[in-house]
Amino acid sequence: MFSSRFLPSATVATSLLLTSTLGISGCSSALIPTPAAGKTVVTGNWQLSSTTADAAKLPMLSGELTGGGSAITGIFHSSAASTCISPKTAIELTGSANAANQLTLKAAQLAGGTLTVSGTLAADGKSLTNATYNVTGGSCAFARAVPVNAQAFASINGNYSGTFSDPDGQVLNITASLTQTPSSDTDGNFTLSGTGNLGANPCFNSPVSVTDSQVTGGSFSLTYADSTTGNSVQANGTFSPDGTTLTVTQWTLTGTCGPDTGTGLLTKQPQ
């Protein structure tokens with residue numbers, strides 16, 4: 001049952017194709033240089049996902065992309081537990097984007113196969129259009145290349161405010177100051193630091209610090225734990241690509257004030 005002690009009632013650069021005018025006949029098109037690499041930079045937290053049945057073995061990948069033009073690298077992992085590889089298996093991607101911002105990334109070591117991701121990189125470096133991914137060979141092999149949604153997610157940084165509520169209708173106002181790490185760990189996960197203020201609440205001595213967290217693709221989890229009262233609340237959810245809205249799909253309270261659970265919504269406040 002809900003405990004009222006916890007929730008009181010109250011960047012595409014354009015490049016010129018170089019052509020050679022030769023004073024001889026029978027000029028081969030192979031003499032025309034290929035397009036130079038694009039200059040759009042990609043950084044930060046990305047998520048690749050597909051609902052196509054052919055992608056059932058690997059429906060979602062999350063991780064970090066870094067670089068631009070002829071040198072783009074990434075470190076990803078599976079974001080689904082029941083897939084052909086463990087979420088703890090790092091997938092190293094390398095590739096490039098040409099002058100037309102056509103991006104190709106590959107991971108040559110994926111459960112005995114090769115993963116290929118391709119698409120047109122947006123000018124701001126935050127998404128891919130007409131994107132596909134495919135795994136050839138190995139235990140994760142697809143029958144064909146499948147459409148994939150490829151989206152970058154802004155960092156969760158700043159001050160957020162909103163509410164936690166439970167099935168009994170009790171509502172708690174909460175404010176949170178959160179900072180996401182600028183780079184990921186060796187598996188492509190990011191973490192959060194900061195504090196949360198749960199108001200005049202006997203279950204927590206506010207502000208209480210984030211003691212555990214993870215940000216991967218468009219999902220996050222964080223835990224506030226108070227060593228003095230022995231209470232902790234873990235929040236799991238999703239967030240908008242611009243990082244301004246955190247949707248808590250479930251929070252769980254444990255300790256002397258628990259157990260209790262519910263949902264919540266936090267929005268980023270103007271600076």
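The residues of the chain are indexed from 1 along the displayed sequence.
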Report yes or no: do [X] and [Y] form a side-chain donor-acceptor pair below 3.5 Å?
X	Y	value
S79	S62	yes
T256	N231	yes
T104	S118	no
S240	D242	yes

When rounded to the nearest 0.5 angstrom, what distance separates [atom1] in [X] from [atom2] in [Y]?
X	Y	atom1	atom2	result
L253	L172	CG	CG	10.0 Å
Q180	L192	CD	CG	6.0 Å
L128	L105	CG	CG	7.5 Å
S184	F76	OG	CZ	9.0 Å
L222	Q214	CG	CD	11.5 Å
D212	S221	CG	OG	6.5 Å

Qualifying residue, where the test is side-chain contact (heavy atoms from CB on, under 4.5 Å) with L178 and the options are N157, T195, L246, N159: L246

Stepwise side-chain contact (heavy atoms from CB on, under 4.5 Å) check, V233 with V208: CA-CA 10 Å; V233 59; V208 61; over 6 Å; no

Worked verdict on T175 versus Q269 for side-chain contact (heavy atoms from CB on, under 4.5 Å): CA-CA 10 Å; T175 60; Q269 301 305 295; over 6 Å; no

Got [X] and [Y] here, is their nearest side-chain heavy-atom distance under 4.5 Å?
X	Y	value
Y133	V146	yes
N205	T229	yes
V42	L103	no
Y160	L265	no
T186	I75	no
T73	E92	no
S78	L58	yes
T245	F239	no

Shared hydrophobic cluster for M60 and L110 (ILVMFWY, side-chain gaps under 4.5 Å): no

CA sep, side-chain torsions, deciding dist, call: S50, T52, side-chain hydrogen bond (donor to acceptor under 3.5 Å, both in side chains): CA-CA 5 Å; S50 177; T52 306; 3.3 Å; yes

Pair T267-T244, side-chain contact (heavy atoms from CB on, under 4.5 Å): steps then yes or no: CA-CA 6 Å; T267 57; T244 61; over 6 Å; no

Audit row: F204, T228, side-chain contact (heavy atoms from CB on, under 4.5 Å) steps and yes/no: CA-CA 8 Å; F204 293 94; T228 302; over 6 Å; no

Residue from T129, T120, T40 passing side-chain hydrogen bond (donor to acceptor under 3.5 Å, both in side chains) with N101: T40

